[in-house]
Visitor: 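Before anything else, here's the structure in question.
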Protein chains: 2
Amino acid sequence: MNIQEDAADGVSLASTSHTSDSPSVRSARAARGPSIGDVARAAGVSAQTVSRVSNGLTNVEEKTKQRVLDAMKQLGYRPNRAARALKSGQFKSIGVIMFNLSTYGNRRTLDAIATAASQAGYSVNLIPLHDPTTGTVTGAYNRLKEQDVDGVVIIFEAHLFDRADITLPEDLPAVVIDSSPGYGYPMVDTDQAEGARFATEHLLDLGHQQVWHIGGPVSSFSARHREESWRRTLDEAGIEAPTVLHGDWSTESGYQVGMELGRDREVTAIFAANDQMALGAMRALHELGRLIPDDVSVVGFDDLEESTSFWPPLTTIRQDFLAVGRLSIEKLLQQIAGNTPASVVTTVPTRLMVRKSTAAPAG
Amino acid sequence: MNIQEDAADGVSLASTSHTSDSPSVRSARAARGPSIGDVARAAGVSAQTVSRVSNGLTNVEEKTKQRVLDAMKQLGYRPNRAARALKSGQFKSIGVIMFNLSTYGNRRTLDAIATAASQAGYSVNLIPLHDPTTGTVTGAYNRLKEQDVDGVVIIFEAHLFDRADITLPEDLPAVVIDSSPGYGYPMVDTDQAEGARFATEHLLDLGHQQVWHIGGPVSSFSARHREESWRRTLDEAGIEAPTVLHGDWSTESGYQVGMELGRDREVTAIFAANDQMALGAMRALHELGRLIPDDVSVVGFDDLEESTSFWPPLTTIRQDFLAVGRLSIEKLLQQIAGNTPASVVTTVPTRLMVRKSTAAPAG
DNA sequence: TTCAAGAATGTTTGCGTAAACATAGCGAGA
DNA sequence: TCTCGCTATGTTTACGCAAACATTCTTGAA
């Protein structure tokens, strides 16, 4: 046995104080890059001057500035975020609490949020929640507070719990992505009403006398908005809206409702509150032997990437999730900067994507 | 006008130095909670003792510990992460670099990663990349280094660039989620070979004489693994593998290849390298009037949530993305703890999900 | 020529924490 | 009884940075 092996064995056998000290200290030292002081020494200036250069302040002579920049580059200096945060109280980090990463819209939104935040020099601290009760929301919020995030974006799935239960951050800038008003925070959301109107009008324009609706869960604000708008659009056309059957956003629930609607020969036009339920409904129609779009037209909501390849390709409402994410960061950064935390709802327009699942009624 | 209004007006009109100072300082002060010193004073002990309690060290008398804990609770004390990080050099934060948030597998994996990391007391710092060139990878890595993350999980989409181009972190623990060996980092991945074998064997077991394959992009290691395993399985059954047509994972590309394969009456069994291409291929088969599974059987890979509702419901290979995410965090934390950075590949088993898109051949 | 005003730069200090070191107190064995 | 050695606790210090304040130098007007 050589010395190295002895030492290695010692790690597991001998005093723990030695074993825990040695590697951690070593790795910590190794990880630490050059400090502001090292740069100062290399450039022959004071640490404060380096700090000034590092923060882009103006009152530094060009020549000095260059010397400092050179030293920085040569040493590979990177400002230490922990120290900066400790000093300034700002972490340049924003937290994202979201309830459902597996939703198409949410993941697109998250992507946009992360991109926008990065561009603004902020890091994104993600906390996905699975069990959306008050406890977990509060817990997530506390975790983020410990992490010293500068602000929070919360992507709600309002239908999963009672709004009154939600305890939102009090002293932390926040933006909520949701359709329900009244959190007292700036909100960003797709223009649900517009989208639902587009969908309904499209079917009416094709000549359908009636448009059936597969609603989302009743406790979802966005689902409610879509339903209300669909009803209003029919109203305006002098049509009395039929009974709404509700799913839970899943393809399976769409299938259930689709079976029910499909059996009714009266039904020639269906507007589903999301693409997945539309997909399920189409499957039901296939099984019932009803042709799409010849016998029944179907419109969805979301515009999943896959929707172009459904059978038939689905006519749907495209949501601009990218804009939703980008806007929410924009508003959050405004708040962090201390500007008016305008408690308003910002709305993002939608677009009708006409594909193969809709046509004029057969009769 | 009262004094308050004067002051408020001053913010927008008077010297900028004043306006920028005042709110930021105020908010910073307001945000700072009680410090370890405040707790110490309240409990009548030294700051160090509070620190010991806070870190769960043992050499504190039970009575003292209780007094400190009470004081903490009463003051609502939360350790300051910045200070802790500055002192210890550890941020309790792991970075995630991923190339494609909009992939089903990736988002599931991310979810698992975030959950596992949270449970271990680590925060997740997400950096999604859109343009996966060496530059952006390096940039993302540098950003994470600035953020002082303790480790990095990189979710590669190997097919998007040349592996040799990738500059991986040198002094930062890392785990790679990918199918290509040789990064010199621990890797975690689905057992691609097993899955492809399951799919191919399933079709052969049903009585098909030949199995056609829609491959993923040639530069993707996971695609390559699936293809190789498919070929080997046919080999072992004494069947010479037909020419492979490659898609790019998208439904659209699956549709293209599906049209080509579907026109060949010989083709009775198709194994697509992912569910989306399988979906595209099924659309092509529908358009060509070929019945699924009566005329042609189709198997996918991934098991998207929607796959149960495709028409017909898709037989596919389920990947356990949750396990992939969980294992990658496990390995990363081991490395961070200083344990052997075992540069091994960990493989996660798959499962065949038989649904309605496969059946015995008609003949 | 003198000095005030301002620009460039340096020095001191403290953010909150925890390691390192110091001290006090107490029990066991010589 | 007197150490020795342990445990519980306190004190000092440094992590890296940037505000606050201090100093030096430059410039131009009186």
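In what follows, chains are A, B, ... by sequence order, proteins preceding strands, each numbered from 1.
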Visitor: With side chains defined as the heavy atoms from C-beta onward, is the minimum distance between I336(B) and Q90(B) less than 4.5 Å?
Guide: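 The answer is yes; the side chains approach within 4.5 Å.
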Visitor: Between atom CG in D38(A) and atom C1' in dC17(D), what is the gap in whole Å?
Guide: 13 Å
Visitor: Round to a whole Å and report the spacing from CD of Q90(A) to P of dC17(D).
Guide: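 About 18 Å, once rounded to whole Å.
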Visitor: Taking OP1 and OP2 of dA18(D), is either one under 4.0 Å from a side-chain nitrogen or oxygen of N55(A)?
Guide: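 Yes, because at least one side-chain N or O of N55(A) sits under 4.0 Å from OP1 or OP2 of dA18(D).
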Visitor: Going by number, which of residues 39-51 of chain A have a non-hydrogen atom under 4.0 Å from DNA chain D?
Guide: Q48(A), S51(A)
Visitor: Which of residues 63-72 of chain B have a heavy atom under 4.0 Å from DNA chain D?
Guide: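 T64(B), in order of number.
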Visitor: In whole angstrom, what separates N59(B)'s CG from dG10(D)'s C1'?
Guide: 13 Å
Visitor: Write out all pairs satisfying salt bridge (charged side-chain N to carboxylate O under 4.0 Å, His left out) with one or both partners inside residues 41-66 of chain B, taking only residues at least two apart or from two chains.
Guide: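 Residue pairs passing salt bridge (charged side-chain N to carboxylate O under 4.0 Å, His left out), neighbours aside: D38(B)-R41(B).
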Visitor: Between the two ends of the helix from dT1(C)-dA30(D) to dA30(C)-dT1(D), what is the bend in degrees, rounded to 10 degrees, where each end axis spans five pairs?
Guide: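 Result, rounded to 10 degrees: 60°.
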Visitor: Write down the distance between CD (E61(B)) and C1' (dC26(C)), rounded to a whole number of angstrom.
Guide: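 To the nearest whole Å, that distance equals 12 Å.
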Visitor: For K87(A) and dG14(C), what is the distance between atoms NZ and P respectively, to the nearest whole Å?
Guide: 10 Å
Visitor: For nucleotides 21-28 of chain D, which of its nitrogen or oxygen atoms have a protein nitrogen or oxygen under 3.5 Å away, and what is each distance?
Guide:
none

Visitor: Expressed as a whole number of angstroms, how long is the span from L86(A):CG to dC15(D):P?
Guide: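 Between P of dC15(D) and CG of L86(A): 14 Å.
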Visitor: Just to verify, what does R84(A) make a side-chain hydrogen bond (donor to acceptor under 3.5 Å, both in side chains) with, not counting sequence neighbours?
Guide: S54(A), N55(A)
Visitor: Please determine, for the side chain of N80(A), which listed nucleotide (dA8(C), dC17(D), dT17(C)) has the closest atom?
Guide: dC17(D)
Visitor: Can you tell if the side chain of L110(A) reaches within under 4.5 Å of the side chain of L110(B), non-hydrogen atoms only?
Guide: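 Yes, side chains in contact.
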Visitor: With sequence neighbours excluded, give me every salt bridge (charged side-chain N to carboxylate O under 4.0 Å, His left out) pair touching residues 67-77 of chain B.
Guide: none
Visitor: Could you check whether any side-chain heavy atom of V188(B) comes within less than 4.5 Å of a side-chain heavy atom of E330(B), counting everything from C-beta outward?
Guide: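 With C-beta onward as the side chain, the pair stays apart.
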Visitor: Side chain of R84(A), heavy atoms from C-beta onward: which of dT9(D), dA18(D), dT17(C) has the nearest atom to it?
Guide: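 The listed nucleotide nearest to R84(A)'s side chain is dA18(D).
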Visitor: Got V68(B) and V60(B) here, is their nearest side-chain heavy-atom distance under 4.5 Å?
Guide: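 The answer is no, as the side chains (C-beta and beyond) never meet within the 4.5 Å cut-off.
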Visitor: Return a table of donor-acceptor pairs under 3.5 angstrom between the side chains of residues 121-128 of chain A and protein atoms on other chains or two or more places apart.
Guide:
{"residue": "S123(A)", "atom": "OG", "partner": "Q147(B)", "partner atom": "OE1", "Å": "3.1"}
{"residue": "N125(A)", "atom": "ND2", "partner": "V124(B)", "partner atom": "O", "Å": "3.3"}

Visitor: To the nearest Å, how far apart are I36(A) CD1 and dG10(C) P?
Guide: 12 Å
Visitor: Quick one: on DNA chain D, does A83(B) or E62(B) contact a more 5' nucleotide (nearest heavy atom)?
Guide: E62(B)
Visitor: Are the side chains of I113(B) and I155(B) in contact, using a 4.5 Å heavy-atom criterion?
Guide: yes
Visitor: Taking C-beta and beyond as the side chain, do V53(A) and T64(A) meet within less than 4.5 Å on heavy atoms?
Guide: no
Visitor: Please collect all ring-ring contact (aromatic ring centres under 6.0 Å, His included) contacts where either partner lies in residues 63-85 of chain B, sequence neighbours excluded, each pair once.
Guide: none
Visitor: Would you list the pairs meeting ring-ring contact (aromatic ring centres under 6.0 Å, His included) in which at least one residue belongs to residues 38-72 of chain B, sequence neighbours left out?
Guide: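 Pairs touching residues 38-72 of chain B that pass the test: none.
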Visitor: Which pairs with one or both residues in residues 46-70 of chain A pass ring-ring contact (aromatic ring centres under 6.0 Å, His included), sequence neighbours excluded?
Guide: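 Residue pairs with at least one partner in residues 46-70 of chain A: there are none.
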Visitor: Apply side-chain hydrogen bond (donor to acceptor under 3.5 Å, both in side chains) to S118(B) and list each qualifying residue two or more places apart in sequence or on a separate chain.
Guide: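 In terms of side-chain hydrogen bond (donor to acceptor under 3.5 Å, both in side chains), with neighbours along the sequence ignored, S118(B) is linked to R143(A).
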Visitor: For F91(B) and dA18(C), what is the distance between atoms CZ and P respectively, to the nearest whole Å?
Guide: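 Nearest whole value for this atom pair: 13 Å.
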